[in-house]
Amino acid sequence: MPKFNEFKTDFPLVTQLANEEEVLWMNPQCTDSETGLHYSGMSTGDVKDASDRLKRFAPFFAQEFPETKKNGGVIESPLTAIPHMQERLSHSAGIELNGKLFIKQDNALPVSGSIKARGGFHEVLKHAESLAVQHNLIDQDKDYTQFGEPAFKRLFKAHKIAVGSTGNLGLSIGIISAALGFKVTVHMSADAKLWKKDLLRHKGVNVIEYEDDYSKAVKEGRQEAEKDTSCHFVDDENSKDLFLGYAVAGERIAAQFAEQGILIDTEHPLFVYLPCGVGGGPGGVAFGLKLAFGDAVHCYFAEPVSAPCMLLGMMTGLHEKISVEEIGLTNQTAADGLAVGRASGFVGKVMTPLLEGSYTVKDSALFGLLRMLADTESIAAEPSALAGMMGPIHTISSDVVGSRSSASRHLIWSTGGGMVPEEVMKEYYNQGLNVELFPGKSTKNAK
Ligand SMILES: *Cc1c(COP(=O)(O)O)cnc(C)c1O
């Protein structure tokens, strides 16, 4: 492993990463948010454009997906305080969590049950809208329920959408594309769960399976799409439209905190912990949070010990030019949404001045936390979605400035789980029994 020897000296943390240890990395290049946002080349206006588009499509969602009607067709998830989890977690870890612990329940996002509903839907809607504009189909006197009309369906039937995915992005793109009438192909990596493939096929989505990992599925999908001019490829590694769709979460959660009377400012700092795969979801959300809260918000990414691709890419500055395999890691993890060996270079570069830090989590901990969350708060999330839950333990035990304050708010971004079949969820829950979350200190999860 030539890369490994090269890095050992410059980045001692690489040795721990290669040993699959749980680590916290503080990003030395993180700067003030104004400077950081400026470097990105994206602005408030770009996110507003995405936000306005989602508003235009709200009537379409309300019509097409009845479960979104009560929220006016806006796809949003609850922000919930979790005091029982807070107590159990801090007790097990033997730390004092003096602030307040919240969870953002993207596991409960309507229609596709994961964070991918944010970015994935936005990209497909933008594509659909621009096709409709090109073909002069949009009637300015009507709302966007017109996207369900036969003329639109006929247009979209002549167009294809393709995506490579570990599962949830495929679900999100597949469901929305099929609803609009596109011909859609999802290239699934070997980690993708059988029930996700079955569900998509049931909706008329063309699912192609690969023996290989996520990067391979994306590459094949991209090549396939390049041959066909009527095909739009959703590029999870490079897409700005996905990123901006995720970023709308910032203004949405700012409104939710305000509604609940929870002040966020530099005296009441917000620490946010986001599970990271290729980076688009957590990166986009973090970007939106920075726009909404500036220097009052501190964002951390969480990755499995076997697939810390974003941490490795950002720390070494090599971004997409290095994979976790090159330091001897397997990219094998039960957190299928995070099973990514090579990070998005686009996101890594945008996040370099904005991300406070990053840490890794063992698979066993994900299951232990999944069970603890179900027991204490009756919230069911998938293993990937629990990666954020270790965040407060890291910041508080490392004495990160502000993290121990009783005015601090710690927010766990729970990224998925809403579509997991009950028997699969039960299996996850069972795997969380007797997990020693904090060796030496812990009380184990009991029956
Ligand atoms: C996709 C996904 C993530 C991470 O998003 P990326 O854009 O791949 O970084 C986290 N959690 C779940 C459940 C996901 O499906």
Side-chain angles (χ1 to χ4, degrees), residues 77 103-109 112-123 163-175 186 188-189 191-193 196 213-215 217-218 234-247 249 272-288 299-304 307-311 313-314 319-320 331 333-348 350-351 355 358 361 366 369-370 380-389 391 412-420 424-425 428:
S77 74
I103 193 165
K104 179 62 173 160
Q105 284 196 71
D106 277 7
N107 53 284
L109 273 175
S112 84
S114 84
I115 188 170
K116 303 300 193 306
R118 297 183 183 278
F121 288 1
H122 176 253
E123 172 144 355
V163 66
S165 172
T166 63
N168 285 343
L169 185 64
L171 279 181
S172 145
I173 300 287
I175 291 170
V186 176
M188 287 278 202
S189 60
D191 330 272
K193 302 282 182 255
K196 294 186 182 174
D213 76 352
Y214 161 87
S215 302
V218 171
V234 177
D235 190 341
D236 199 13
E237 292 172 333
N238 299 295
S239 168
K240 251 189 194 178
D241 292 330
L242 273 178
F243 188 89
L244 293 168
Y246 289 120
V272 185
Y273 309 99
L274 297 140
C276 178
V278 73
V285 169
F287 188 80
C299 299
Y300 291 81
F301 285 174
E303 294 175 286
C309 63
M310 186 59 83
L311 200 170
M314 285 183 74
H319 300 292
E320 81 284 5
N331 188 23
T333 168
D336 51 333
L338 314 180
V340 178
R342 192 183 293 277
S344 159
F346 155 59
V347 175
V350 170
M351 290 316 293
L355 190 73
S358 196
V361 197
L366 299 176
L369 292 165
L370 183 151
E382 65 187 89
S384 299
L386 270 302
M389 198 62 84
I412 313 305
W413 210 282
S414 167
T415 43
M419 297 195 87
V420 177
V424 177
M425 192 57 86
Y428 289 155

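Excluded from the calculations below are hydrogen atoms, water molecules and symmetry mates; all remaining heavy atoms, backbone and side chain alike, are included. Read the numbers this way: they start at 1 and go in the same order the structure lists the ligands and their atoms.
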Check your understanding: For ligand 1, is any non-hydrogen atom under 4.0 Å from Ala385's backbone (N, CA, C, O), its side chain (CB onward), both, or neither?
Key -> neither

Study note, to complete from the structure: So for Thr166 against ligand 1, with non-hydrogen atoms under 4.0 Å, the contacting part is neither

**Study point:** Ser384 N/O to ligand 1 N/O under 3.5 Å
**Key:** no

Check your understanding: Any N or O of Leu338 that comes nearer than 3.5 Å to an N or O of ligand 1?
Key -> no

For [atom], what is the closest protein heavy atom, and at what distance to 0.1 Å?
atom	answer
atom 11 (N) of ligand 1	Thr415 OG1, 2.6 Å
atom 1 (C) of ligand 1	Lys116 NZ, 1.3 Å
atom 4 (C) of ligand 1	Gly277 N, 3.5 Å
atom 7 (O) of ligand 1	Gly281 N, 2.7 Å
atom 8 (O) of ligand 1	Val278 N, 3.1 Å

Review point. Any side-chain donor paired with an acceptor under 3.5 Å for Asp336 and Thr166?
Key: no

Review point. Donor-acceptor pair, Lys116 side chain versus Ile173 backbone, under 3.5 Å?
Key: no

Exercise for review: For the pair Glu123 (side chain) and Val234 (backbone), establish whether a donor and an acceptor sit closer than 3.5 Å, ignoring hydrogens and angles.
Suggested key: no

Atom indices of ligand 1 within 4.0 angstrom of [X] heavy atoms, with elements:
X	result
Asn168	13 (C), 14 (C), 15 (O)
Gly280	7 (O), 9 (O)
Pro282	5 (O), 6 (P), 7 (O), 9 (O)

Identify the heavy atoms of [X] and [Y] that sit nearest to each other, and give their distance.
X	Y	value
Cys309	Gly277	SG-O, 3.4 Å
Ala387	Ala302	O-CB, 3.4 Å
Arg118	Ala249	NH1-CB, 3.6 Å
Ser172	Ser112	CB-OG, 3.6 Å

Study note, to complete from the structure: In Pro275, Cys276, Pro282, the residue satisfying side-chain contact (heavy atoms from CB on, under 4.5 Å) with Thr415 is Pro275

Review point. Residues in side-chain contact (heavy atoms from CB on, under 4.5 Å) with Ala108, at least two apart?
Key: Pro78, Gln105

Practice item. From atom 6 (P) of ligand 1, work out which of Gly170, Gly279, Gly337, Gly284 has a heavy atom at the shortest distance. Key: Gly279

